[in-house]
Amino acid sequence: MSTYLFVLCPPYCGSTLLWKLLSTSEKVSSLPQEGQFLDELKHVTRVKQWDISHSLPWPHIKAVWETYWDMDKPILLEKSPPNLVRAPAIQEHFQPSRFVIMVRDPYAHAEGLMRRNGWKLQRAARFVLTCLRYQWRNREQLTSALALTYEDLVTDPISACRRVAEFMPILNDLNPHTDFELDSIDGTVTQPITDLNQRKIAAIEPQHLQTMTEIFAEQADALEAWGYSLRSTP
């Protein structure tokens, strides 16, 4: 029997990098793109995708995804960022399932939301807090989950792969040394696993960074739960 493996990671936090890294294993079958964007499902998965009260037809979604996965592979991999708010429902409908949870420095995450989505600062900062809290819940409540940070992955990819293999020994053939094509602060580039946090944070105007800190301070426990600290302007 195959195991369903879900990457739970907010947008612009390294989800594609992690997904592609996991896909380097010969034991893994990945969907051709995020499951939420498949043509057969967009009419349900792209509606109120961040509204936790909005129920999804998981048996139908599962049936569609299984037409794309190679069901002979032992690991069936999916990553769609909105899955992080519905992880308990996914765990219920996909058995056996496992999860890799990842978050990113909140300031770098907010920068990506502002630059890539065109969001206002306040919206971006509050969405960051929402994601951190849901991921905290997922880490505490899911039956079988590995929690990483973006920083864990990009500063020591070999150790990150070792942790994945300890969590799921079948994934002992990940290749952290390959180059990955990714959308980044430099546009679409092909490069080794690279830490882009400092460049992203340096791009935040000082007054915006201070406003982010004021918003993050309202829920500082959500940052502290992941080992992040509030930043002050230079």
Side-chain angles (χ1 to χ4, degrees), residues 4-23 28 30-56 58 61-62 64-65 68-69 76-91 93-94 97-119 123-139 141-142 145-154 164 180-185 188 196-197 200 222 225-226 228:
Y4 301 97
L5 177 59
F6 292 89
V7 169
L8 302 180
C9 183
Y12 316 129
C13 287
S15 63
T16 301
L17 172 60
L18 178 56
W19 174 65
K20 289 190 173 185
L21 175 61
L22 294 171
S23 298
V28 169
S30 303
L31 298 178
Q33 58 183 317
E34 291 181 8
Q36 65 172 332
F37 289 125
L38 294 175
D39 288 339
E40 302 94 321
L41 295 174
K42 286 190 290 187
H43 66 289
V44 292
T45 52
R46 295 298 296 165
V47 176
K48 299 180 180 179
Q49 62 266 36
W50 293 102
D51 181 356
I52 193 173
S53 66
H54 179 64
S55 298
L56 291 178
W58 288 112
I61 292 171
K62 180 181 179 183
V64 172
W65 286 349
Y68 286 90
W69 280 318
L76 308 177
L77 178 64
E78 148 64 0
K79 79 98 177 172
S80 295
N83 286 346
L84 71 89
V85 303
R86 298 187 175 88
I90 291 172
Q91 180 174 256
H93 287 91
F94 292 81
S97 59
R98 293 202 169 189
F99 301 85
V100 179
I101 299 167
M102 193 163 76
V103 295
R104 187 176 193 167
D105 181 288
Y107 294 87
H109 185 193
E111 187 277 337
L113 291 164
M114 294 166 62
R115 175 171 47 83
R116 300 281 294 278
N117 286 1
W119 285 8
R123 180 184 181 188
R126 296 196 184 283
F127 182 78
V128 168
L129 288 171
T130 296
C131 290
L132 289 173
R133 298 204 80 87
Y134 274 119
Q135 293 288 67
W136 188 2
R137 177 208 66 178
N138 291 333
R139 186 181 66 187
Q141 296 184 3
L142 293 174
L146 170 66
L148 298 170
T149 66
Y150 169 87
E151 296 74 30
D152 292 332
L153 176 58
V154 299
V164 172
F180 297 95
E181 181 179 319
L182 301 165
D183 293 328
S184 74
I185 194 170
T188 301
L196 297 175
N197 272 359
K200 289 167 64 68
W226 292 100
Y228 297 121

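One-based numbering along the sequence shown.
- Of all heavy-atom pairs between A124 and W119, the closest is CA-CE3, 3.9 Å.
- Closest approach of D183 and R116 over heavy atoms only: CB-NH2, 3.6 Å.
- Here H93 pairs with W58, P59 under the side-chain contact (heavy atoms from CB on, under 4.5 Å) rule; sequence neighbours left out.
- Residues H109 and K200 fail the side-chain proximity criterion, which asks for heavy atoms closer than 4.5 Å.
- Ring pair Y134/W50: centre-to-centre distance not below 6.0 Å.
- Note: F99 and F6 have parallel aromatic rings, judged against thresholds of 30 and 60 degrees for the angle between ring planes.
- The two residues W226 and L132 make their nearest non-hydrogen contact at NE1-O, 3.3 Å.
- A donor-acceptor pair under 3.5 Å is absent between the side-chain atoms of S15 and the main chain of C9, judged by distance alone.
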**Report entry** Candidate pair R46 and F37, rule side chain to side chain contact (heavy atoms under 4.5 Å, CB included), full reasoning
**Finding:** CA-CA 8 Å; R46 295 298 296 165; F37 289 125; 3.4 Å; yes
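- Across every non-hydrogen atom of V128 and A110, the tightest pair is CG2-N, 3.8 Å.
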Requested in this report: For Y68 and Q33, run side chain to side chain donor-acceptor pair (under 3.5 Å): C-alpha distance rounded to whole Å, both residues' side-chain angles, the deciding distance at 0.1 Å, then the answer.
Outcome: CA-CA 10 Å; Y68 286 90; Q33 58 183 317; over 6 Å; no
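- If you check the side chains of S30 and K79, you find no donor sitting under 3.5 Å from an acceptor.
- The two atoms that bring C13 and M102 nearest to each other are O-CE, 3.3 Å, heavy atoms only.
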